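What follows is one structure encoded as C-alpha cells, with my remarks underneath.
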Amino acid sequence: MVAGPCRQHHRTVVTLTLLFLLIGIADAQDSALPFVGSDTVVVHRDGERVEQMSGRIEDISGETLTLRRNGRADIRLLRMSDVTSLVFSRSSVFEQGLQLLEKRDEVAALRYFDAAIESEPREWAGNELQAVAVKACIRAGDRDAAVDRIEKILEIDSASRHVSLLPLVWDARLPVRERVTARADDLTATSAVRQLVAASAFLGDPAHHQSAVLILQKLRTLPYRRLAELAETQMWRLPVLTDDEQHVALIRLWESRLPQLPLEARGGPQFAFARCLQKQHDYDKASIAFLWQPFMIPTDEALAAAAMAESIRCLQASGRNQSATVLSQELQQRFPKMSAAQALATESFRP
C-alpha cells in the first residue's frame with residue numbers, strides 16, 4: 001500500500017526534471033538566436049558618411065546613446081552630436097498627440113503627450129517625449145511652461161541635450177507675450193536653468209544688466225556643455241545692447257562658431273549674430289543670416305517672424321526692394337499674428 005504513492009512521487013520528480021531540462025534547452029536556443037530590436041538610429045559621421053543602425057536603445061544620457069545592436073546584440077555607445085534621427089516605439093496615445101500637433105491644436109496635443117509621458121516606463125524615452133512637448137509649448141506661445149518641462153527633463157538627466165530647447169530671450173524688443181518671462185530674483189536662483197532664463201530676460205535692462213552679464217560668465221564655465229553654449233552665445237547680444245567696441249572683433253570668430261552648434265541651439269545665436277552684422281551695416285550678409293532661423297528651426301514663431309522682418313529691413317537698406325517685397329509677402333503669409341509681421345505691415349514700404 002505504501003509503494004503506490006512512492007512511485008507517483010518518483011514520476012513527478014522525473015517529470016519536473018525533464019521539464020526543467022527542456023526549459024534550459026529552449027533558453028540556450030533562444031540565446032543563440034540573433035537579437036532583434038525595433039529601434040533605429042541614423043548617425044552622420046565625418047560630415048559625409050551616413051550609417052543606419054537597428055536594435056534597441058538602452059539609454060540616452062547626456063551626450064551618449066547606448067544601443068544594443070541587432071544580430072549579436074553587441075553594445076554601441078554613440079555620440080548624440082552624431083545622431084541625426086531616432087525612431088523608437090511610442091504609444092498610440094503619443095501618436096494621437098502628434099496628429100493633433102500637426103493640426104495646430106497644441107493644447108489638446110499636450111494633454112495626449114502628458115498621458116503618454118506618465119505611462120512611459122523608459123526614462124530616456126520619457127525625456128524624448130517631453131522634448132516634443134516642449135516644442136509644442138513654445139509653438140503655442142507658452143514659453144514659461146516650456147522652461148518647466150525642460151527642468152523636469154534635467155531632473156532625470158542633468159546633462160540632457162534638450163536644454164538647447166530653452167526659449168531664451170534673443171530680442172528684448174518683442175512684447176512680453178512673445179518671450180519668456182522671469183523675475184529679478186531668478187538671477188540668484190539655485191537652478192542654473194532659471195538663472196540662464198533670467199539673465200537672458202534682464203541682459204538689456206540697465207538696472208540688472210551687470211548682474212546678468214556676471215551670471216552668463218559664470219554659467220559659460222559649467223561642465224554641462226549645452227547649457228554653457230547657451231550662456232556663451234547669449235553674450236553675443238552685447239555688441240548690439242552696448243557701445244563696447246571690444247566685442248566687434250569677436251563677430252568673425254562667432255561666425256565660425258555657429259556651424260558647430262547643435263541645430264536646436266542655433267536659432268537664437270544666429271539671430272544675435274545677424275543683429276551684430278546689421279549694426280555694422282553689413283546689410284547683405286545680415287539679411288541672409290537672419291533667414292537661417294525662420295527657415296531651418298522656426299519653432300519659436302515670434303522670433304522667426306522678427307528675424308524675417310529684420311531681413312526685410314536689411315534688404316531695403318541695401319536697395320534690394322524686389323527681394324524685400326517677396327519676403328514681406330511670405331512673412332505675412334507664414335506669421336500674420338506675430339507682432340513683428342504686424343509692425344512691418346504698418347511701416348511705409350515702397351518697392
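Just so you know, these numbers come straight off a predicted model, no measurement behind them.
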Counting only heavy atoms not in [X] (residues, nucleotides, ligands), do more than 12 fall under 6.0 Å from its [atom1]?
X: R334; atom1: CZ; value: yes
X: E51; atom1: CD; value: yes
X: R76; atom1: CZ; value: yes

Is F113 close to C137 at the side-chain level, that is, under 4.5 Å between some pair of heavy atoms?
-> no
Less than 4.5 Å apart, any side-chain heavy atom of I297 and any of W292?
-> yes
Ion pair [X]/[Y], N-O distance below 4.0 Å:
X: R68; Y: D74; result: no
X: K103; Y: D105; result: no
X: R111; Y: D114; result: no
X: E63; Y: R225; result: yes
X: K285; Y: D282; result: no
X: R257; Y: E255; result: no
X: D144; Y: R177; result: no
X: D148; Y: R143; result: no

Verify the distance criterion only: is there a donor paired with an acceptor across the side chains of [X] and [Y] at less than 3.5 Å?
X: Q52; Y: T40; result: no
X: K218; Y: Q195; result: yes
X: R173; Y: S339; result: no
X: R220; Y: Q217; result: no

With a 3.5 Å cut-off and sequence neighbours excluded, list the donor-acceptor pairs that the side chains of residues 197-215 form with protein atoms.
{"from": "S200", "atom 1": "OG", "to": "V169", "atom 2": "N", "distance (Å)": "3.1"}
{"from": "S200", "atom 1": "OG", "to": "V197", "atom 2": "O", "distance (Å)": "2.7"}
{"from": "D205", "atom 1": "OD1", "to": "A207", "atom 2": "N", "distance (Å)": "2.9"}
{"from": "H209", "atom 1": "ND1", "to": "L203", "atom 2": "O", "distance (Å)": "2.6"}

Applying side chain to side chain donor-acceptor pair (under 3.5 Å) between H162 and each of R226, E128, Q130, E264, report the one that passes.
-> E128
What about the rings of W170 and F273, do their centers lie closer together than 6.0 Å?
-> no
Are F94 and Y112 close enough that their ring centers fall under 6.0 Å?
-> no
At their closest point, which heavy atom of R122 faces which heavy atom of F88, and how far apart are they?
-> NH2-CD1, 4.0 Å
Give, for atom CG of L241 and atom NZ of K279, the distance between the pair rounded to the nearest 0.5 Å.
-> 8.0 Å
Out of curiosity, C276 SG to W236 CH2, how far, rounded to the nearest 0.5 Å?
-> 9.0 Å
Between the main-chain N or O of [Y] and the side-chain N or O of [X], is there a donor-acceptor pair closer than 3.5 Å?
X: R139; Y: L101; value: yes
X: S119; Y: A116; value: yes
X: T64; Y: I60; value: no
X: D186; Y: R194; value: no
X: S323; Y: R320; value: no
X: D157; Y: G62; value: yes
X: S164; Y: A265; value: no
X: Q332; Y: A341; value: yes

